[in-house]
Amino acid sequence: MSYKSLLTVITDPETALVPLTQLTILSSLFDAHADALCLGIDQTQLGIDYGATNATLWQESLLQARKDAKKLHELASTVLARNEVNFGTLDEVSLIGDLARAVARHGRFTDLIVLNKPYGPQDISENEALVEAGLFQSAAPVLVVPEDRLLQRVPRHIVIGWNESAEALTAIRKSLPFLQRAESVHVAVIDPPRRSLERSDPGGQLCQMLARHGVSCEIDVLSQSLPHTSDVLLRHAEDKNAELLVMGAYGHSRFREAILGGATRNILEQTDRPVLMAH
């Protein structure tokens, strides 16, 4: 198995270089096609009355969004061409409230979406919306990359967060191209419940499935020794010198929009290494 179609979505030139660089590295590693969706953001919001300046504000915001999209397109084309990978670039304009639809329209046809870490020193307001859209609207896995911890090679050591959920299993299946090339894969099971379907052999069936795909893995049963499950998982990833963390993404609906759940948000706020998530 391999990734053959990769996508990143950029909305700001100040944070665009990280996902573009990671995109080119992965494209070379997997001999994949790299696509960059360059979104100019129209900050006006439908349903809000701006008074007598309505038409003028809308027009100015739209024109600025088009200019931003063109600049991002030029940046992406330059970076991707310089790295000699097969690539495509597309510039579009999106309303700030319609980001999910734009990302979903393109993300559903890709194998992996590469995005910035949504929280950090260079936190851009759209970054969280992009991650949410990728996870909950596109059905593609999302690789979230911290600014200073890009994957320079296929990760040799990987930690999987396993809790028997459909989300975790989806993330694992969609990370197989990484897992199959890793030297070691650790399946972290934190305080398995007594009434679990796997109570007699936590993670056993998962490891059997992965072994049939050529993945060599170990099961690490951990206790809830820190306040949050996310803390335990991140500590274990550090202890195992993992270059990649794989886990399910969880959220809940508010006003019919998907938002990141507590554990998922905690991981993305605190992680200092790439995380592959899927819903």
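Position 1 is the first residue of the sequence; numbering continues from there.
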Problem - Side-chain heavy atoms of L210 within contact of H213, under 4.5 Å - result: no
Could you list the donor-acceptor pairs under 3.5 angstrom formed between side-chain atoms of residues 181-191 and any protein atom two or more places apart in sequence or on another chain?
from, atom 1, to, atom 2, distance (Å)
R181, NH1, L29, O, 3.3
S184, OG, H157, ND1, 2.7
H186, ND1, D220, OD2, 2.8
D191, OD1, Q224, N, 3.4
D191, OD2, Q224, N, 3.2

Exercise for the section: To the nearest 0.5 Å, tell me how far N116 CG sits from E147 CD. Expected result: 8.0 Å
Problem - Exam field: side chain D91 to backbone K70, donor-acceptor pair closer than 3.5 Å - result: no
Handout entry: Validation row: I41, D68 side chains within 4.5 angstrom (heavy atoms)
Key = no
Fill in the blank from the handout: Applying ring-ring contact (aromatic ring centres under 6.0 Å, His included) to F87 and not counting sequence neighbours gives none
Practice task
Keeping the roles fixed (side chain from T8, backbone from V114), state whether a donor-acceptor pair exists under 3.5 Å.
Solution key: yes
Exercise for the section: Inspect the contact between E92 and R105 and indicate whether a charged nitrogen and a carboxylate oxygen are less than 4.0 angstrom apart. Expected result: yes
Fill in the blank from the handout: side chain to side chain donor-acceptor pair (under 3.5 Å) pairs touching residues 270-279, sequence neighbours excluded, are none
Problem - Over all atoms of both residues, closest heavy-atom pair of V144 and K117 - result: CG1-CA, 3.4 Å
Exercise for the section: Under the salt bridge (Lys or Arg N to Asp or Glu O under 4.0 Å) rule, collect the residues that match up with R235, sequence neighbours excluded. Expected result: none
Handout entry: All salt bridge (Lys or Arg N to Asp or Glu O under 4.0 Å) counterparts of R66, not counting sequence neighbours
Key = none
Practice task
Kindly say whether T21 contributes a backbone atom to a donor-acceptor pair with the side chain of T24 at under 3.5 angstrom?
Solution key: yes
Exercise for the section: Would you please name every residue forming a side-chain hydrogen bond (donor to acceptor under 3.5 Å, both in side chains) with S77, sequence neighbours left out? Expected result: T89
Exercise for the section: Find the distance between CZ (F178) and CG (L244) and round it off to the nearest 0.5 Å. Expected result: 6.0 Å
Handout entry: Flag, side chain of S27 to backbone of A32, donor-acceptor distance under 3.5 Å
Key = yes
